[in-house]
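The chains referred to below are lettered A, B, ... by the order of the sequence lines, with proteins before strands, and numbering in each begins at 1.
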Amino acid sequence: MSAPEFKLYDSLSRTVKPIQTVEPNQLRFYSCGPTVYSYAHIGNFRTFITSDLIVRTAQSIGWKVTYVSNITDVGHLTQDDVADASGEDKMARALQSKEGEEFANVWDLARHYADAFESDWRHLNLLPPSVRPRATDHMREQIVAVQDLIEKGHAYETPTGVYFNVDSFAEYGKLSGNRDRESLQVAVRDVVQDDNKKSPADFALWKKDDKHLMQWFSPWGWGFPGWHIECSVMAQKYLGDTIDLHGGGEDLKFPHHECEIAQSEAGNGKPFCNHWLHVTFLQVEGEKMSKSKGNFYTARDLFDQGFGPLALRLALISVPYNKPHNFTLQTLRDSQAHIDRFTESLDRIGKAGFTMDDFPDGQLPEGPLSKLSEIYSEAQAAMLNDLNTSVAVAKALEGNKLILRDHLDGKTAAQAAWFLKKINNLLGIVYATFADPSEGEEFEAEPEINGKLITQWIVERSEAKAAKDFAKADQIRNDLAVAGYELRDSIEGTDWKKIR
RNA sequence: GGCGACGUACCCAAGUGGUUAAGGGGAGGGACUGCAAAUCCUUUACGCAUCGGUUCGAAUCCGAUCGUCGCCUCCA
């Protein structure tokens with residue numbers, strides 16, 4: 001039996017091809033993280049969940065994964081045509097905004113949003129990265145890398161900073177297709193207009209600015225690093241000169257990743273990365289989501305509306321990462337219903353007295369649930385084929401349907417648990433693994449409606465039913481529904497559930 | 001201007017040359033229920049934007065046309 005292939009679209013070669021790791025069964029993966037100047041929105045998480053699914057899929061075929069996902073906590077320019085680097089940067093702007101007033105300085109602001117980000121990350125069942133480096137913790141390495149590029153003739157100093165000489169790297173533009181140097185000057189982020197630059201397309205490696213809110217001392221005086229150098233440096237530090245896979249949002253393809261390639265390959269003469277992944281931007285309710293329009297949801301916005309993190313996660317992966325995805329609240333409601341059905345299965349397994357570990361991996365289910373093994377394999381195969389999450393999710397639901405159909409006696413309950421655990425390891429949509437219950441979602445106290453606890457109402461309704469007073473029983477049920485709680489009758493009694 | 005994606009049922013969506021076009025939502029019918037809800041069973045595309053072409057055979061390949069959208073600027 002040949003080793004399974006993990007096929008993924010590669011933005012550089014523009015083909016779907018198997019990931020070829022430098023070391024067999026060992027994936028070195030760098031995924032660009034957020035700049036922490038605000039709460040992360042659901043579009044950010046489409047990208048991070050995609051990275052998470054890559055790690056899970058690779059692990060499912062036995063690969064070891066070194067997964068680096070950084071946090072950018074240095075502000076970078078918002079207006080790249082500002083001649084001097086004293087123009088606003090993202091984090092400084094955030095500090096001056098209404099939300100920013102509560103922070104003493106940019107460092108506090110960065111810490112707050114980074115903590116919030118990591119909390120959202122756990123709630124969304126995202127695997128912890130092997131390393132989560134921060135740009136500010138790697139200032140020395142960045143400065144050394146810039147010096148190195150100067151020594152090798154790929155960078156030069158001007159009165160405003162240090163720039164990468166694009167003409168010294170013939171391959172510049174190979175990822176994005178932006179080969180035309182002249183047209184770059186109008187459309188390039190992080191390009192500073194400076195008459196001393198050798199080419200308008202040259203981008204900043206270091207910006208001189210002794211007024212900047214975050215500044216460090218360098219051989220070129222006080223200032224701060226260019227945006228792209230941090231990723232080149234941290235990728236090399238934690239993953240080596242040549243990495244197997246590098247990913248991020250589609251906006252990062254150019255200039256960010258293009259510049260990373262130039263810096264890294266010019267610096268050490270080795271291929272920087274063998275496989276590039278870019279996640280297509282999310283649409284919301286049929287429209288482009290953007291911060292400037294203000295029509296975006298943060299993850300916590302939706303949690304506050306009562307949607308579970310797993311429902312959000314499922315909604316975000318219901319369409320493959322490289323296809324346009326119009327996120328709607330309807331999709332989110334559908335997803336919540338699916339999650340609730342997984343929860344239903346877990347409850348039944350629990351009631352049958354089983355845990356997730358009662359069926360030894362390595363054995364295959366038999367009897368009424370014997371198809372679960374095949375269904376899992378199909379889900380895994382879909383993921384190995386360029387992360388076809390639509391099919392993988394369909395398989396997960398198909399398996400869950402079989403489970404809900406079964407009476408779950410001892411043997412099948414254990415098999416059902418096996419399937420749900422395998423699916424959760426692959427897709428992370430069945431149950432929460434990382435969220436600390438004490439954090440965020442507080443345990444809900446039993447609700448009180450019209451002065452009585454809900455269980456008291458349930459008892460009263462049962463008594464009314466026993467006395468054939470159905471008008472009263474229905475009245476109670478209606479009142480609770482208006483208050484937002486749904487009743488579920490079963491042989492064991494009546495349960496209640498919050499309506500979303 | 002450069003690069004790219006998509007057009008499949010009421011809605012989301014799979015499908016990458018070959019049996020009856022996955023799956024989900026919604027809607028209809030049924031079981032259960034005092035009636036509901038939840039759950040289960042069941043029905044729901046003779047057709048895949050349009051027009052040509054290649055082929056024994058195409059939603060799937062090629063060409064043209066129409067339409068929608070994204071990135072390149074803040075943003076993953």
Charged N-O contact under 4.0 Å between A:R134 and A:E118
yes
Are A:E486 and A:K497 ion-paired here, with the side-chain N under 4.0 Å from a carboxylate O?
no
Just the rounded figure in Å: distance from [atom2] of [N] to [atom1] of [X].
X	N	atom1	atom2	answer
A:W457	B:A37	CH2	P	23 Å
A:W496	B:A38	CH2	P	18 Å
A:Q330	B:A27	CD	P	10 Å
A:L314	B:G23	CG	P	17 Å
A:L404	B:C41	CG	P	9 Å
A:I491	B:U39	CD1	P	15 Å
A:H338	B:G24	NE2	P	7 Å
A:L329	B:C11	CG	P	19 Å

Those residues that, when tested against A:D52, pass salt bridge (charged side-chain N to carboxylate O under 4.0 Å, His left out) (two or more places apart)
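Partners of A:D52 under the salt bridge (charged side-chain N to carboxylate O under 4.0 Å, His left out) test: A:R56, A:R313.
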Tell me, please, which residues at least two apart from A:E265 pass salt bridge (charged side-chain N to carboxylate O under 4.0 Å, His left out).
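Residues passing salt bridge (charged side-chain N to carboxylate O under 4.0 Å, His left out) with A:E265: A:K174.
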Determine the contact category for A:G248: base if any of its heavy atoms lies under 4.0 Å from a base atom, sugar-phosphate if only primed atoms, P, OP1 or OP2 are that close, otherwise nothing.
sugar-phosphate
Picking from B:A13, B:G24, B:A76, the nucleotide nearest the side-chain atoms of A:S390 would be B:A13
Picking from B:U39, B:G25, B:A37, which would you name as closest to the side chain of A:D489?
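The listed nucleotide nearest to A:D489's side chain is B:A37.
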5'-most contact on RNA chain B: A:R488 or A:K395, nearest heavy atom basis?
A:K395
Under 4.0 Å from OP1 or OP2 of B:A76: is there any side-chain N or O of A:K253 that close?
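No.
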